[in-house]
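Here is the structure we will look at, set down as structure tokens.
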Amino acid sequence: MNHLLIAPIVLPALVAPFIIMTLRYHIDLQRIFSLTTNVLLVAIAMALAVQAADGTVQVYELGDWQAPFGIVLVLDRLSAMMVLLTTVLALAVNLYAIGSKWDERGANFHALYLFQLMGIIGAFLTGDAFNLFVFFEVLLIASYGLMIHGGGARRFQAGVQYVVFNLLGSTLFLFALGTIYGVTGTLNLADLAQRVAELPAEDSALIRVGAVMLLLVFAIKASLLPLHFWLPASYANAPAPVAALFAIMTKVGAYAILRVYTLVFGPDVAVVDGLVESWLLPAALLTIAIGAIGVLGSKEIGKLMSFGAITSVGTLLTAIALFTPEATSAALYYTVHSTLAAAALFLVADMVRERQGGDIAPKPVMAQSGLISVLFFVAAIATAGMPPLSGFLGKLLILDAARDNTLAVWVWGVILVSSLVTIMGFARAGTLMFWKSHGLPSEQPAEEDASESTTTTTEHTSAMPFVACFSLLAGLVALTLFAGAVTRYTTATAADLFAPEAYIETVLANRDRPVVEPDADGTDKAKDDGAGAPKSEESN
């Protein structure tokens, strides 16, 4: 087995408790270990992406217990892409947290941050539905602590709301898993795909119930209307680095929908035929509309960025809901774009709040106004999908993929109109914060802003926050310049998702291998019960 596959889960799982137990009073050492771990995770993710680039599916059987009885991790093009995106984003956000000294405003920031990375990466790599639930809980427990990092009444209130919604989602997740296991007797995704496909139509009622409950769980994680109410307040009041990392958390829900509803409950599975497509697409279009209206009407910069993230999530789920290889390829391209753009927006919002408070209104000229206004402008047009950046290309790919859909007029209309409304909302906010602020006398942000949203005593001398923001925007530029290569990768990934035979066969390849038992003379021999051949060296 390729032990590199489990490394991005084990590494943060080891470093995080080490930081808590030995470095909790040494912030500089915490930063060194956290950044070093983050850099190693990027290197490991790049190596895994190279290994998966040719379409090879790799399986890691924990404890050498074969699927479907043991826990398996699975690496394919999709999981490799998501792990690489997570680690690159985390590195930029970690730099911002250190440069802005957000990591000093509460306890155990770096340990919780690494635990959250462990949960997110594990969710992308797991090949088992129950362990998807486990990794969901790992990342959520860490995010609960990160949500209230730095204190404040508004942050605590938003954190409670975040906890309640996600606990409801976790409870529903368990009900869904219990229902599916009761029908099929397995939760391994590859094995589940085979058993669901073999179910007779008369036994499909319970499996349809389980599929619907799973979709509701993933919709909560992805913040799909009408299950999006937790996101605006939670993201707007979370610490900036946490909100920026949360940009990948909504993608965990979108990833789960894409993985489960192409592999297990795919378009060719008769017992769940039409179950997802009938309402996921309308809900995604409504999510885009609500997000765009929220952007236009936001009076606080945190809410502005949160509704911008909701619009992006709706656009992504619209592409996923089309359930065609072309639309899925466009969705994967847009996933990378929207993650980097949303993270950049949240970091820029924090820069503005630290210098002039969180309200969108004319205020005195802030320190480093020119640089921040450039960052805001670029991130805003990227999020709205204006040319020439990758947001425009991503939306263009989605519109092209929707041409043959029966709801193509609605898809085109909602995406185009919402893009216009979104750019109007960002233009209004930018005008008030950067243009109309010139000529006003300089003063410090109000105390209520400082106490609730951020600390205003930070000296704005560190270059690291700007390095983090510009690196995210550089990622958007690279995504635009190398769009051809990226779309070739996403096209191949989409083709793999809609033809999951290789995934299933690789995961279940050792299912029928014989048990190895010691012979009377002490040597090992294969106990062949007719189910398969003796275990070879390659199976290890």
Side-chain angles (χ1 to χ4, degrees), residues 38 82 85-94 96-97 100 102-103 106 109-110 112-121 123-124 135-150 154-155 158-166 169 218-224 227-256 287 291 294 301-314 316-317 335-350 353 379 383 453-454 468-469 472:
N38 223 152
M82 298 305 295
L85 177 61
T86 301
T87 56
V88 170
L89 172 68
L91 180 58
V93 174
N94 207 348
Y96 185 92
S100 62
W102 260 110
D103 58 343
F109 175 87
H110 289 286
L112 290 171
Y113 197 78
L114 291 175
F115 275 129
Q116 187 168 6
L117 282 181
M118 170 193 167
I120 295 172
I121 293 172
F124 290 141
F135 283 118
F136 267 21
E137 294 310 298
V138 171
L139 70 90
L140 287 174
I141 290 171
S143 66
Y144 297 155
L146 291 173
M147 265 294 302
I148 59 174
H149 180 79
R154 290 176 60 186
R155 187 170 296 133
V160 170
Q161 178 178 310
Y162 174 80
V163 169
V164 170
F165 266 90
N166 281 281
F218 300 150
I220 292 174
K221 307 300 182 186
S223 190
L224 180 71
L227 306 172
H228 72 291
F229 296 107
W230 61 272
L231 189 146
S234 299
Y235 280 35
N237 292 290
V242 177
L245 186 62
F246 279 8
I248 195 69
M249 283 182 59
T250 53
K251 308 307 184 297
V252 175
Y255 165 87
T287 303
I301 190 169
K303 291 287 182 68
L304 177 77
M305 306 312 182
S306 297
F307 280 108
I310 289 176
T311 304
S312 295
V313 167
L316 171 60
L317 291 176
T335 295
V336 180
H337 156 79
S338 60
T339 302
L340 299 179
L345 276 177
F346 282 114
L347 298 186
V348 173
D350 185 64
R353 280 188 299 196
T383 301
S453 61
T454 188
C469 290
L472 292 173

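Rounded to the nearest 0.5 angstrom, L340 CG and T335 OG1 are separated by 10.5 Å. Rounding to the nearest 0.5 Å places NE2 of H110 at 10.0 Å from CG of N38. Taken to the nearest 0.5 Å, the CG atom of L472 stands 6.5 Å off from the CG atom of L89. Here the straight-line distance linking atom CG of L85 with atom CZ of F124 works out to 7.5 Å at 0.5 Å rounding. We find the CG-OG1 distance between L91 and T86 to be 12.5 Å, quoted to the nearest 0.5 Å. We find the CD1-CG distance between I141 and L146 to be 12.0 Å, quoted to the nearest 0.5 Å.
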Intermediate values then yes/no, side-chain contact (heavy atoms from CB on, under 4.5 Å), Y113 and D103: CA-CA 10 Å; Y113 197 78; D103 58 343; over 6 Å; no

Test side-chain contact (heavy atoms from CB on, under 4.5 Å) applied to I120 and Q116, step by step: CA-CA 6 Å; I120 295 172; Q116 187 168 6; 4.0 Å; yes

From CA spacing to verdict: side-chain contact (heavy atoms from CB on, under 4.5 Å), T339, M82: CA-CA 11 Å; T339 302; M82 298 305 295; over 6 Å; no

Chi angles and distances behind the side-chain contact (heavy atoms from CB on, under 4.5 Å) call for L224, V313: CA-CA 7 Å; L224 180 71; V313 167; 5.8 Å; no

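Annotation for A244 and L347: closest pair CB-CD2, 3.7 Å, computed over non-hydrogen atoms. The minimum heavy-atom distance between L345 and A379, with the atom names listed, is CD2-CB, 3.7 Å. In terms of heavy-atom proximity, G169 sits nearest to I220 at CA-CD1, 3.9 Å. The nearest pair of heavy atoms linking I310 to S223 is CG1-OG, 4.3 Å. Here the shortest heavy-atom pairing between Y96 and S100 reads O-OG, 2.7 Å. Closest approach of A247 and A342 over heavy atoms only: CB-CB, 4.0 Å.
Residues F135 and V252 are not in side-chain contact: their nearest non-hydrogen atoms beyond the backbone lie 4.5 Å or more apart. Counting heavy atoms from C-beta on, the side chains of N166 and Y144 come closer than 4.5 Å. Looking at T383 and M305, their side chains never come closer than 4.5 Å, going by heavy atoms from C-beta outward. For the pair M147 and V163, the minimum side-chain heavy-atom distance is 4.5 Å or more. Between I121 and T87, some side-chain heavy-atom pair lies under the 4.5 Å cut-off. Two residues are said to be in side-chain contact when any heavy atoms from C-beta on lie closer than 4.5 Å; V242 and V93 fail this criterion. Contact check for F136 versus L139: side-chain heavy atoms found under the 4.5 Å cut-off. Residues S312 and H337 have side chains not in contact (no heavy-atom distance under 4.5 Å, counting atoms from C-beta outward).
For Y162 and F246, the gap between ring centers is short of 6.0 Å.
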